[in-house]
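Note sheet for the following structure.
Whatever order the structure lists them in is the order used to number ligands and atoms, beginning at 1. The model shown is predicted, which means the values in this text are computed figures rather than measured ones.
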Amino acid sequence: MAEKKKNDKTALDRFFENKAAVAVVAVLILAVLFVCAFFVTTAIVKKSGEKPETPSGNSVDQVSQTQTENGASEDIVLPKPADTTTAAEETTTSAPAETTTAAPTADPVASGQTISFPSDTASWHLICLNRNRRVDASAEDSISLSYVAGSEERMDSRAAAAYEKMYDAAASDGIYLTPCSGYRSYSTQKRLYQEFVDEYLAQGYSQQEAENLASTRRNPPGSSEHNIGICMDIICASSSANFQNTSAYAWLQANAADYGFILRYPEDKVDITGVKFEPWHWRYVGVENAAAIKNSGLCLEEYLGVQ
Ligand SMILES: [Zn+2]
């Protein structure tokens, strides 16, 4: 009977009788549990961590801000073939735009006057917008926009036609004046400008102070030529300080006037235009005016006798 009982012991019974074997298995189980706990904890910490870092060590938001701070790369609307009211057009990407250079104490908002969009077809291309001269949102009703052929950028259809001629002429010389940023809606300009106003308000400045300071960094709505589609920023990738060293810039300097375009913000006219040198920003004024402006060495404000 006893013999039978002994034979009835299962392999498990025999295993538990061996204390050393039990101890080894217990240690192994504990080790596995510890390793699992370590990996799970690491995964949770990674998932709840900060924003991914860029190679420079800045967060994504900080990089955008840095690009915006760089005067040569801010303020452009991502080109989208859509209506001016769509959200897509409101998206911005880094690209050139006018950064005004007025002293922070200037009061361009208070002194800015609203001007009418020229209704007669003879002078539509001589409108002068700057920190002192703006159109209101209704000016957009007077503009007929067209896409520049082969691009997603729009201009006043008359300016777009001239740009296409200039583009083709440059292309035949092996120069590609790729449109980077043309028309930008009033509402987009307003939003971009408001971003800076809000930034100063958050720092404790009054509304007026915040607007004045914001105006030194970005054109208020209606004061940018982009708001009436009469200009083009050319070649995004080169739209920075070194654009003036490109063959495209040399070509434009030599030939743009033949197609009615002028360098709107020359290096030696910053005090008058209120905008820093922008070699990529070319403005349509018509062939005759462009020739006269180029030959005289005047900027648009001087040529038109306005401030
Ligand atoms: Zn521009």
Closest to the Zn ion (ligand 1), which N/O/S atom of D233 is it?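 Nearest N/O/S atom: OD1.
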Please confirm whether the backbone N or O of C299 pairs with a side-chain atom of E302, one donor and one acceptor, at under 3.5 Å?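 Here the side-chain-to-backbone pair exists.
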Kindly say whether G182 contributes a backbone atom to a donor-acceptor pair with the side chain of E153 at under 3.5 angstrom?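 Checked: pair present.
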I'd like to know if the Zn ion (ligand 1) has an N/O/S atom from E225 within less than 2.8 Å of it, counting both backbone and side-chain atoms.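 No.
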Return yes when at least one N/O/S atom of H281 is nearer than 2.8 Å to the Zn ion (ligand 1), and no when none is.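 So H281 does bind the Zn ion (ligand 1) by this criterion.
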If the test is side chain to side chain contact (heavy atoms under 4.5 Å, CB included), which one of R283, K294, M166 qualifies with F261?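 The side chain to side chain contact (heavy atoms under 4.5 Å, CB included) with F261 is passed solely by M166 among R283, K294, M166.
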Ionic contact status for R264 with E225, cut-off 4.0 Å: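 Here E225 pairs with R264 in a salt bridge, since their nearest N and O are under 4.0 Å apart.
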